[in-house]
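Just so it is clear, the values below take in all heavy atoms, side chains as well, and ignore hydrogens, waters and symmetry mates.
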2 protein chains.
Amino acid sequence: MPPLRNSSPTKPAARRGYHHGNLRQALLDAAVSLIETKGLDQVSVREVAKIAGVSPGAPFRHFPSRTALLTAVAEQATDRLIVEINKALAATEGENSLMQYRAIGIGFFRWAITNPVHFQVISTRTAIDFEGSSLVHRNGEIRAAMVRLMSDAQTEGLLRNTDASDAARHAVAGRALAYGLARMYIDGQFPSWGLRGADPLEEVIGMFDLFISSIAV
Amino acid sequence: MPPLRNSSPTKPAARRGYHHGNLRQALLDAAVSLIETKGLDQVSVREVAKIAGVSPGAPFRHFPSRTALLTAVAEQATDRLIVEINKALAATEGENSLMQYRAIGIGFFRWAITNPVHFQVISTRTAIDFEGSSLVHRNGEIRAAMVRLMSDAQTEGLLRNTDASDAARHAVAGRALAYGLARMYIDGQFPSWGLRGADPLEEVIGMFDLFISSIAV
DNA sequence: ACCTGAACACCGTTCAAGT
DNA sequence: ACCTGAACACCGTTCAAGT
């Protein structure tokens, strides 16, 4: 698997004009920390501006709307997700397609658990402009990789099922499982389901492996 | 499986005092239709009041806060979910534990697909007061039923795995899968994953059955 | 008992004016 | 080129006053 491409290389920070150096990034950081402390719904552009030390209207020089600001946070979140996925994929050099599919799941879990705020921003689609951003394309590449790897796994005879349509369904099921597990963990539901392990990452990987081994030959 | 208990039986509508009859319910209905048309984030108490034909302050006679109003919508959503689950469970009279676990999944899917707005309200936990409502208890009963049924399935020798801790993990995995599939369907992601079947309910049940049959003996 | 309508402290967003 | 600060049309919530 060649690594998934990430967004354009970091542009050089705009010099001067704003006394802190780079207002755009300062606003993104302020937004993330506000989401952490007060939750996504409570994020106001005005408070983000205040944290960054600028007037209420200043953010609109950099983002056309509150939605655009949150969408930019989601873009940043996707950057990090793709980094984690590529890291996990790189660790499966020479392994078979099913193990590479598994690696994408692992990367996703590692990202979600270490960046709960970013996970929340991406998964709350009503707060961002998903369709109108690069998210639809980059998310599509992750999906395409998952579908292709599962299809390859079928061709390579790694799956118990032999019906061609099952590969597509397994690819979706794995994604739904990963998403659901991450969401349940972030929402703090694990303890009530009897999952009290010290390491949630090990816990979700264990369950994902149950899925992988149950479809494998 | 005895049917899950639902909330208190419908109270008789308060007579008079408000010219439409029952403001509380009128507000809930207005909230649901607003969520449908403008999305959860765009719901304002003021506009809900306007739709119901009352002044901006009137809703606060019935709900202490915007969150409480949305939480009441979530309670109503849970009522419907439990109805669907009980319907599905009733149809599995005499079948084994694993089939009853499956029935809960079917009920959940039928509910989510026919009530996408209610699904969204319940699953967006930041918009409601989950912990401070009856939701935590009633949701807990659904969870307990799933855990017990999967554990019974293990005891009855219906599962391939024999490790006792696997039953708990299968119970969670099924829930995460069901949640993830419903969410992906509601978000309109099915077509891009190649799932273009006319009946989404059949589609998700098919994938849930893949899960059930992969853990069954 | 229930609703009105003014009031308060917030919002998102715009835009002329400043530097 | 970028930021300020006033302005506008909104919010959620409170509360005295009406019926």
* Structure fact -> Assert: residue with more 5' nearest nucleotide on DNA chain C, out of A:Ser44 and A:Ala58, is A:Ser44

* Out of C:dC3, C:dT13, D:dC3, which has the shortest distance to the side chain of A:Leu23? -> D:dC3

* Asked: Just how far, in rounded Å, is C1' of C:dG12 from CD of A:Gln42?
  -> 15 Å

* Among the nucleotides D:dT13, C:dG12, D:dT4, which one has an atom lying closest to any side-chain atom of A:Phe60? -> C:dG12

* To do: Check the pair A:Lys87 / A:Glu84 against salt bridge (Lys or Arg N to Asp or Glu O under 4.0 Å), numbers first and verdict last.
  => CA-CA 5 Å; A:Lys87 238 194 281 182; A:Glu84 285 295 347; 3.6 Å; yes

* Expressed in angstrom and rounded to an integer, what is the separation of B:Phe63 atom CZ from D:dT13 atom P? -> 13 Å

* Among C:dT4, D:dC3, D:dC11, find the nucleotide with the atom closest to the side chain of B:Val54. => C:dT4

* Asked: Tell me: CG of B:Asn22 to P of C:dC2, nearest whole Å?
  -> 11 Å

* To do: Starting at atom NZ of A:Lys50, determine the distance to atom P of D:dT4, rounded to an integer number of angstrom.
  => 14 Å

* Asked: Which heavy atom in B:Asp152 sits nearest to a heavy atom in B:Ser97, and how many Å separate them?
  -> CB-OG, 3.3 Å

* To do: On the 0 to 90° scale, with breaks at 30° and 60°, tag the A:Phe211-A:Tyr101 ring pair as parallel, tilted or perpendicular.
  => tilted

* Asked: Does the side chain of B:His62 get closer than 4.0 angstrom to OP1 or OP2 of C:dC2 through an N or O atom?
  -> no

* A:Arg80, A:Gln120, A:Arg110 screened by side-chain hydrogen bond (donor to acceptor under 3.5 Å, both in side chains) with A:Asn115, the one that passes -> A:Arg80

* Write down the distance between CZ (A:Arg61) and C1' (C:dT13), rounded to a whole number of angstrom. => 12 Å

* Mind telling me whether B:Tyr179 and A:Tyr179 have parallel, tilted or perpendicular rings, with 30° and 60° as the class edges? => parallel

* Whom does D:dA16 pair with, Watson-Crick or G-U wobble, provided both distances fall under 3.5 Å? -> C:dT4

* Taking atom C1' of C:dC10 as reference, at what distance in whole Å does atom NZ of A:Lys38 sit? -> 11 Å

* Taking atom C1' of C:dT13 as reference, at what distance in whole Å does atom CZ of A:Arg46 sit? -> 9 Å

* **Pair partner, D:dC10 [Watson-Crick or wobble, under 3.5 Å]** => none

* Separation of C:dC11 C1' from B:Arg66 CZ (nearest whole Å) -> 13 Å

* Asked: Base, sugar-phosphate alone, or nothing: which one does A:Val48 contact when heavy atoms must sit under 4.0 Å apart?
  -> nothing

* Asked: Taking only N and O in the side chain of A:Ser55, is any of them less than 4.0 Å away from OP1 or OP2 of D:dG5?
  -> no

